[in-house]
Amino acid sequence: MKSHNDELIKKLNLIAVKIRKHVIEMLYKAKSGHPGGSLSAVDAIVTLYFNHMKHNAKKPDDPDRDRFILSKGHAVPTLYAVLAEYGYFDVKELKRLREINCMLQGHPECRHIPGIEASTGSLGHGLSFANGVALAGKLDKKEYNVYVMLGDGETDEGQIWEAASAASHYKLNNLTGLLDRNFLQIDGNTEDVLRLESVRERWSSFGWNVIEIDGHDIRQIIDALHEADERENQPTMIILSTVKGKGVSFMENNVDFHGVPPNELEYKLAIRELDTLQRKLEGI
Amino acid sequence: MSKVMENPRNAYGETLVELGKKYPDLVVLDADLSKSTKTIMFAKKYPDRFFEMGIAEANMISTAAGLASCGKISFASTFAVFATGRVYDQIRMDIAYSNANVKIFATHGGISVGKDGASHQMIEDIALMRVLPNMVVFAPSDATQTRRIVELMAAKYGPMYARVGRANAPLIYKKDDLKDIKIGKGIITKDGDDVSIIACGTMVDYALDTRKLLSNDGIKARVIDMHTIKPIDKKLVLKCAKETNAMLTAEEHSVIGGLGSAVSEILAEKGCSCKFRRMGIQDMFCESGEPKDLFTKYGLSADHIAKTVKELLK
C-alpha cells in the first residue's frame, strides 16, 4: 500500500460529501431519479475526475483526454454533479435536472452535455462503447486511458460478456472497468435475482486482470487505478465493494431507494447526516 | 439479350478498399461474416483498421459507435437480419440518439436470400431503420449504384443504413449515369406517363422488366429508382402522382413500414387520390426456395406487377 498525502484524501472525501449532497438535492428537486446507485458510485467517480484522469473542463473534446463512460446511466446525477463541480458547466444546471427545456437529461446524453462521452441508460452498452474508444486509442497511438463504470445488476446483460470477450481478445490494457458491486438491483439482491457470483472468477476467466477493493476507500481507489493503468496486455476490472445508498443511513442497503427520490422529510434528514459527515471530515 | 450481372456485395468490398485509401480514419467491423459481406477485402488491405468482432453483433454496433466518438468513420457489416432487428437497441441509443458517424452496411436483405428461409430473409429492416430519428436509409439497386452510395455514406457525417441482397444483380447503370447521384434524390430510370413504379433495391430491375411487359400492351410505365428511402424524395413522388394515372411501389420488404408506407404517407398528407398499390411482402413470413420461385409465389415477379398495373388502370 502506497502512502498518500492525508490532505489529498481529506480533500477528495470532502468533495465526495459535496457530490452526495448535490445528488440528494437534485433528486429531491427533480422528484425522480435513482439515489441508491448514484450514491454507491460517488467515491470512485470523484477520485477519477478530481485526482486520476487527464482531462480539462475547458477542452471537453481534447483528443488526448482520458475518457469515463458511465454504462450504468441511471447513476448520472453523480456524474453531472462531478462535471459541474469540475467546471464543465454551471453548477446551477444541477437544479434543473430532468426538467423540460433544460440540458440535463434523465440519463446521460452525449450531444449536448459537455463532458458526457456516451449516451447511456439502456443497460449493457457502455463496455462495448468503451472498447471502441480504447481500440481507437490504440489505432491512433494515443496515450489516453478509458474508464467505464458498470452496475453489478447490469452484468446480467449478455452484451457485457460479448464486450468482456472482445476487450480481452484485443488486449485492451488502456481500458479499466469499475464494477459497482453493491449487491442490489431493482427486484432485490443480485444473487436472488440472477446469481452473479463468483464475480471475480467470471472476469478473470474472461481474461481480465481483477482487483477487488473497498469502493468507498479513496486510498484503495487511487492505488487500484494506478495498478490498472500499468497493466500490460489485458484490461482490468476493479470490483468496487460498495453500499447502495452510501452516506445516507436510511438509504444504505435499502432497495426501496433504487429509483425513488427522497420526500421532504427524507431530504432534510439526508442533508443533515451529510452535513454532520462533512463537519467530521473537516475536523470541526 | 441476357443481362450483365454483378454482385453488389463485391461492389461494397471493393469500394471500401478504395475509400480506405482516401479516408485514413475509415474503420470496418464485421461479425464473423466478412467472407459473405465482402469486408474481407478491406481486412486484407488494411488489417489494422479492420475489427473482427465474432458472432456478437450487439457488441459490434456499440463498439462501432465508440470508435466513431474518436473521429472514426465506422462501417459495420453483417446480414440485414442481424444488422438491424437483433441490435435495434444498440443502434437506437449508440448511433441514432447519439448521432454517431456509423454506417451500417447490411447484405442478404430481403427474400432473395432464398434457401436459408424466413429466419434469414429480412423484410422488416427498412421499417426498423426508417423510424429512427437521424437515420438515413438506402437500398441500392445494382453494383454501380452500390459503389456510389457507399462513397456518399463515407463522405457525409451521420448515422446511415444501407442494404443489398445476397444474389448477383443485373447492372442497371454505368458509372457515368450516376455521377450526379444525391442522398434523398430519386432517379427516373425510365420515363413513361401511364403509370409510375417506384422501386428500391432489387425491385428496380423487376420494375424495368415490368415496364417491358407493359409496353407490349401499349402501357407506358415510368420507373423510379428510390435508392434513398429516408429522407425520401417527396417532390418526385408528388410529381409522379400528378403526371401519371397510377402509382405502385415495389420493394423486397414488408409492405408495412418501408418504401410503400413512406410513399403512402406523402400521398395521403397531400390529399392525392391517385390509384395506388404497394407491392412487397404482404405482412407474412416467407419460406425456403429459389429466389425466382419465391418472387413468383409472393407476388414480386414482373408478371405479377404487370397484372396489378393493368387491373389498376382498368
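Chain A is the first sequence line, chain B the second, and so forth, proteins listed ahead of strands; every chain is numbered from 1.
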Might you confirm whether atom [atom1] of [X] has over 12 heavy atoms from other residues, nucleotides or ligands at distances under 6.0 Å?
| X | atom1 | result |
| --- | --- | --- |
| Arg202(A) | CZ | yes |
| Lys156(B) | NZ | no |
| Lys138(A) | NZ | yes |
| Arg92(B) | CZ | no |
| Tyr23(B) | OH | yes |
| Glu143(A) | CD | no |

Problem set entry | Verdict with reasoning, Cys70(B) to Tyr144(A), per side-chain contact (heavy atoms from CB on, under 4.5 Å) | CA-CA 12 Å; Cys70(B) 300; Tyr144(A) 66 72; 3.5 Å; yes

Measuring from [X]:[atom1] to [Y]:[atom2], what's the distance to the nearest 0.5 Å?
| X | Y | atom1 | atom2 | answer |
| --- | --- | --- | --- | --- |
| Phe129(A) | Asn59(B) | CZ | CG | 12.5 Å |
| Gln159(A) | Glu57(B) | CD | CD | 11.0 Å |
| Ser128(A) | Asp94(B) | OG | CG | 8.0 Å |
| Glu162(A) | Met53(B) | CD | CE | 9.0 Å |

Non-hydrogen atoms of chain B under 4.5 Å away: do they reach the side chain of [X], the backbone, both or neither?
| X | value |
| --- | --- |
| Ala163(A) | both |
| Leu135(A) | both |
| Asp61(A) | neither |
| Thr120(A) | backbone |

Exercise. Is any side-chain heavy atom of Phe51(B) closer than 4.5 Å to a side-chain heavy atom of Leu139(A)?
Worked result: yes

Exercise. Judged by atom type as modelled, is there a donor-acceptor pair below 3.5 Å linking the side chain of Arg111(A) to the main-chain atoms of Tyr97(B)?
Worked result: yes

For this session: Could you pull out the closest heavy-atom pair between Leu67(B) and Ala136(A), with the gap in Å?
Result: CD2-N, 3.6 Å

